[in-house]
Amino acid sequence: MKAPIATSEGIFLAEFSEEGLCFLHFPKASEVSAKEETAEVPATLRPWVKLTTAALKAVLAGRVPTEFPPLDLSAGTKFQQSVWRQMLKIAPGKTKSYGEIAKAIGKPAAVRAVGGACGANPIPVLVPCHRILAAGGKLGGFSGGLDWKRRLLAIEGHAQYQA
DNA sequence: CCACGGTGGTAGA
DNA sequence: TCTACCACCGTGG
């Protein structure tokens, strides 16, 4: 089930499963058709849409979301899920390196694999993969495009990353 | 600055 | 299985 999420940064597209929010797509003209934009959201989904919208707006304003919708991370492997859960612990304004994440999940040598897991993150922004940097404060990559990573970091107070 | 080797996890064949 | 990717990281020119 899909639903558009309107924010100051554009219209995101959320996808929900039975379990909760399972995907979040960055605003892109091709992703949200006019039809989807105006379509009625099913009543059963409205509470989750509301929570998703509130949480997204909070992050985009540099604040800590008071409440998340349930997150369905079942699309990922065990390894990926442990990486994603670890990222959820990083507060806005803070950053960690890929290496620190690897150590935190007990696989210090799996640094490179952590990068792969970040790239596979189905719920960017809310699962804050943008707060993961390469060693030495270098940006690394970002699945949604580096501009987004820079913008998100700038919102959270890292002026040096502004495009 | 660049090149390289050691890495672990994933997707595809 | 085997293979070829990688949003890494340290070391060494």
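No hydrogens, no waters, no symmetry mates; every other heavy atom, side chains included, goes into these values.
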Asker: Grab the CD1-P distance between I105(A) and dC8(C) for me, whole Å please.
Answerer: 15 Å
Asker: Does W148(A) share a hydrophobic cluster with F23(A), counting links as ILVMFWY side-chain heavy atoms below 4.5 Å and allowing steps through other members?
Answerer: no
Asker: Parallel, tilted or perpendicular: which describes the rings of H158(A) and Y161(A), with under 30° parallel and over 60° perpendicular?
Answerer: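 Geometry flag for Y161(A) against H158(A): tilted rings.
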Asker: Please give me every residue in residues 75-103 of chain A whose heavy atoms get under 4.0 Å of an atom in DNA chain B, ordered by residue number.
Answerer: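 T77(A), F79(A), Q80(A) - these, ordered by number, are the residues of the stretch whose heavy atoms sit under 4.0 Å from the strand.
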Asker: I need the L88(A) CG to L73(A) CG distance, nearest 0.5 Å.
Answerer: 7.0 Å
Asker: Would you indicate whether Q160(A), at its atom CD, is surrounded by more than 12 heavy atoms from other residues, nucleotides or ligands within a distance under 6.0 Å?
Answerer: yes
Asker: Using 0.5 Å steps for rounding, measure from the CD atom of E156(A) to the NE2 atom of H130(A).
Answerer: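 Those atoms lie 3.5 Å apart.
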Asker: Scan the side chains in residues 105-121 of chain A for donor-acceptor partners under 3.5 Å anywhere in the protein, sequence neighbours excluded, and list what turns up.
Answerer:
| from | atom 1 | to | atom 2 | distance (Å) |
| --- | --- | --- | --- | --- |
| N121(A) | OD1 | I123(A) | N | 3.0 |
| N121(A) | ND2 | V127(A) | O | 3.0 |

Asker: Does anything in residues 131-148 of chain A reach DNA chain C, meaning a heavy atom under 4.0 Å, and if so which residues?
Answerer: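 By residue number: A134(A), A135(A), G141(A), F142(A), S143(A).
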Asker: Dump the intermediate steps for side chain to side chain contact (heavy atoms under 4.5 Å, CB included) on K149(A) and L133(A), then the final yes or no.
Answerer: CA-CA 10 Å; K149(A) 189 167 186 173; L133(A) 303 177; 4.0 Å; yes
Asker: With side chains defined as the heavy atoms from C-beta onward, is the minimum distance between F12(A) and V125(A) less than 4.5 Å?
Answerer: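 Yes. Closest side-chain heavy atoms under 4.5 Å.
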Asker: So where does chain A start and stop touching DNA chain B, 5' to 3', when the test is distance under 4.0 Å to a non-hydrogen atom?
Answerer: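 Taking any atom under 4.0 Å from a heavy atom of chain A, the span is dG6(B) to dT10(B).
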Asker: Are L51(A) and L24(A) connected, step by step, through hydrophobic side chains (Ile, Leu, Val, Met, Phe, Trp, Tyr) whose heavy atoms are closer than 4.5 Å?
Answerer: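 Looking at the clustering, L24(A) is in a separate group from L51(A).
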Asker: Which residues pass the ring pair (Phe, Tyr, Trp, His ring centres under 6.0 Å) test with F142(A), sequence neighbours left out?
Answerer: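 Testing F142(A) for ring pair (Phe, Tyr, Trp, His ring centres under 6.0 Å), a comparison that skips the adjacent residues, returns F26(A).
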Asker: Determine yes or no for a side-chain-to-main-chain donor-acceptor pair under 3.5 angstrom, with E15(A) supplying the side chain and C22(A) the backbone.
Answerer: no
Asker: Hey, does A110(A) reach any base, or is it just sugar-phosphate, or nothing, if we go heavy atoms under 4.0 Å?
Answerer: sugar-phosphate
Asker: Decide yes or no for E19(A) and S74(A): does some side-chain heavy atom of the first lie under 4.5 Å from some side-chain heavy atom of the second?
Answerer: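 No; the side chains remain at least 4.5 Å from each other.
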Asker: Would you say R131(A)'s side chain and M87(A)'s backbone share a donor-acceptor pair under 3.5 angstrom?
Answerer: no
Asker: In dot-bracket form, 5' to 3', how is DNA chain C paired? Count Watson-Crick and G-U wobble pairs only if both distances fall under 3.5 Å, and write | where the partner sits on another strand.
Answerer: ||||||.||||||
